[in-house]
Protein chains: 2
Amino acid sequence: MGFKERRKSQEIELGGFKIGAQAPISVQSMTNTDTRDVAATVAQVQRLEKVGCEIVRVAVPDETAALSLAAIKSKISIPLIADIHFSHRLALIAVEQGVDGLRLNPGNIGSAVRVREVVAVCKERAIPIRIGVNGGSLDKELVAKYGYTPKALVESALEHVRLLEDENFTLIKISLKSSDVPATLEAYRQLAAKVDYPFHIGITEAGTKLRGAIKSAAGISLLLAEGLGDTMRVSLTAPPEDEIFVAFEILKSLGLRQRGIELISCPTCGRTEVQLIELAANVEKALAHIQEPLKIAVMGCVVNGPGEAKHADFGIAGGKGVGLVFRKGEVLKKLPESELLNALVAEVENYIATLTN
Amino acid sequence: MGFKERRKSQEIELGGFKIGAQAPISVQSMTNTDTRDVAATVAQVQRLEKVGCEIVRVAVPDETAALSLAAIKSKISIPLIADIHFSHRLALIAVEQGVDGLRLNPGNIGSAVRVREVVAVCKERAIPIRIGVNGGSLDKELVAKYGYTPKALVESALEHVRLLEDENFTLIKISLKSSDVPATLEAYRQLAAKVDYPFHIGITEAGTKLRGAIKSAAGISLLLAEGLGDTMRVSLTAPPEDEIFVAFEILKSLGLRQRGIELISCPTCGRTEVQLIELAANVEKALAHIQEPLKIAVMGCVVNGPGEAKHADFGIAGGKGVGLVFRKGEVLKKLPESELLNALVAEVENYIATLTN
């Protein structure tokens, strides 16, 4: 309802995982461990997998990091992307190590010969390359010509694209990131008119957890509502697991993906007679492990709560010491308020058990 | 850049504060204290004023609450709105007490005579009425006719509007809230084609602090990017001060308002050699009192940080024990990492002092 049709992008595959065209908009993150520390990196990727991360990227700053990739890859189950700056040598090692994708700007690795070498191995193994243009590190000539504008981001991306297309390589994905929301939106719009490669979207350097979540939700929602975006990373100055949580909450808000609970909870007001903030936070915590998409309501009013939240799969309403547990608007139980949380969790878990049996 | 032109709405005034037309998109919240507790309510409103709240609404569930409004109003400096359900009597008391606006659905107060009485006093004092339609409490007849659809929200609003227009009352503001983002967007689009009263926007029952911030940012950004919205409330199951913070972060992300710092901070990655998450959080805390709009960068890399963040007014970059303080990309100081935070705060405060002298 109400959004533009999704842009028709080419489909690419990262280790069998589809991106673009009709594939669901996927969620990725990047580790912040030292890639050379295989155990720490694997542990972080496994935590990311658990919260729903679908693709992971690791920094590859040197040869030791590059030579750790096979060991990391062997212990994780989602596609692995090597993030490489400036070095075609590290790219070649990464491919040899078996990564599923590269993030590499071909214009920054020195020469056409080097681009050719990297492209040759990527072609052979069908490994896509993401071109990642970043507002903060634009080429000086482009900035001189276009200023710090969306146009400069787009032209930079197109230069890198041409280097790959010159080698008949089209397993390409593109990102254009800026910390400015309107500029990012405008850049992707312009690029959409020029190429049909899938888009990796996000707002870069968005800030700390809450601030960054807000700015990312603003920017990514505007892109997705225009049909722009095939895979996304929320960039936060926060643990990468938080990036996955925020990404799914954005997609759920727009009705584009489902995962785990959607919490419908009253704003507090002078009418609220239950400790609603605490109760809602506890419900959220107690149901964080649920992966099944479920709407859960936490309402501050016994009279209107069940009716107002009749679209919720399960809910609770409290006030004046008495509480209700309800399902699709129908009251299941009347309980003391203190027992509400546990009763709700029991109902939800029973329900989940019936699904999996 | 890139957004639709703002919808041309009528301008109304709430105690001299303008809403609609060319007025800045204003930020409001609602107290969650017991309105009958004047001291607690005033204290909360004063905290809200301090963080930038521009309009405040209080629940008026009974006569004692209504009779507290003058006392509350006398101690606060932003417009006060009385939130009233079903009772024309409470509305009359609220107006008598000197509130600046009512939130009241005229179709729910019982009769045309009662509507006429309320309208008469509002007209006399030029007090606007917000019609607030909520997806959870739609009239059963409308739901039977249109289902739980955007159309039902719009038709409900139009019914209430007609009751006021029949009395030649047009100091109207309208909200159409649902906990569903695409449905909310569609509802406001439909209503925009029918009336030119200013819109109060928001996503209702959006959830706890982080979840609710994400869903609100998604929904409100989509509305604002289409030019829809004159004043907003972010509804969170969290303290109302948080609603104001989130509202301003949304407006700042879209470049529609400015207030306080905008934090540009690196996502962490395997290349980061400074405790970036903690440092960024500390910078945020240390500069929370700044109201002047300033871009502050917190970068994890001494080599690229100052350049990548040259659009920042002030910034720091750390790594390997050494840190830099910079301004618009130019390095001001080289320091041990441990001294970065204090040095940044000192630079910012010196700068603010030069502005106010």
Side-chain angles (χ1 to χ4, degrees), chain A residues 1-3 30-35 58-59 61 65 83 136-137 148 179 181-183 185-186 189 205 207-211 213-215 217-219 221-222 225 235-239 246 249-250 253-255 263-272 276-277 280-281 284 298 304 308-309 311, chain B residues 1-3 30-35 58-59 61 65 83 136-137 148 179 181-183 185-186 189 205 207-211 213-215 217-219 221-222 225 235-239 246 249-250 253-255 263-272 276-277 280-281 284 298 304 308-309 311:
Chain A
M1 177 159 47
F3 298 157
M30 186 170 185
T31 53
N32 65 4
T33 50
D34 184 334
T35 305
V58 299
D83 189 89
S137 52
Y148 284 100
S179 61
V181 168
L185 177 63
E186 182 58 26
R189 281 177 179 165
E205 297 166 3
T208 44
K209 186 167 169 178
L210 180 61
R211 266 183 217 267
I214 296 166
K215 197 173 187 180
S221 297
L222 293 177
S235 300
L236 301 178
T237 307
V246 174
E249 289 301 310
I250 296 171
S253 294
L254 301 178
L263 192 73
I264 310 289
S265 62
C266 286
T268 59
C269 76
R271 290 188 189 84
T272 320
L276 202 69
I277 296 177
E284 199 172 23
V298 179
N304 299 318
E308 287 201 10
H311 55 300
Chain B
M1 178 158 47
F3 298 156
M30 186 170 185
T31 53
N32 65 3
T33 50
D34 184 334
T35 305
V58 299
D83 188 88
S137 52
Y148 284 101
S179 61
V181 168
L185 178 61
E186 183 56 28
R189 280 177 180 165
E205 297 166 5
T208 44
K209 186 167 170 179
L210 180 60
R211 266 182 217 266
I214 296 166
K215 197 173 187 179
S221 297
L222 293 177
S235 299
L236 301 178
T237 308
V246 174
E249 288 302 309
I250 295 171
S253 293
L254 301 178
L263 192 72
I264 310 289
S265 62
C266 285
T268 60
C269 75
R271 292 191 187 81
T272 320
L276 202 67
I277 296 177
E284 199 171 23
V298 180
N304 298 319
E308 287 202 10
H311 53 299

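Since the structure is predicted, the reported quantities are computational estimates derived from the model, not experimental observations.
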Applying side chain to side chain contact (heavy atoms under 4.5 Å, CB included) to B:Ser221 and not counting sequence neighbours gives A:Ala218, A:Leu222, B:Ile250, B:Leu254
Below 4.5 Å, heavy-atom pairs only: which of A:Ala309, A:Ala217, A:Ser253 has the largest tally toward chain B?
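With the most close heavy-atom pairs to chain B, the winner is A:Ser253.
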Given A:Ile214 and B:Ile214, is the side chain to side chain contact (heavy atoms under 4.5 Å, CB included) satisfied, shown in steps?
CA-CA 6 Å; A:Ile214 296 166; B:Ile214 296 166; over 6 Å; no
Is the backbone N or O of B:Ile277 less than 3.5 Å from a side-chain atom of A:Thr237, with the two atoms forming a donor-acceptor pair by type?
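Side chain of A:Thr237 to backbone of B:Ile277: no pair is present.
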What residues, two or more places apart in sequence or in another chain, satisfy side-chain hydrogen bond (donor to acceptor under 3.5 Å, both in side chains) together with A:Glu205?
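So A:Glu205 forms no side-chain hydrogen bond (donor to acceptor under 3.5 Å, both in side chains) with any residue.
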Kindly compute the distance separating CG (A:Leu263) from CG (B:Leu210), expressed to the nearest 0.5 Å.
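CG of B:Leu210 is found 11.5 Å from CG of A:Leu263.
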With a 4.0 Å cut-off on N to O distance, would you call A:Arg211 and B:Glu284 a salt bridge?
yes
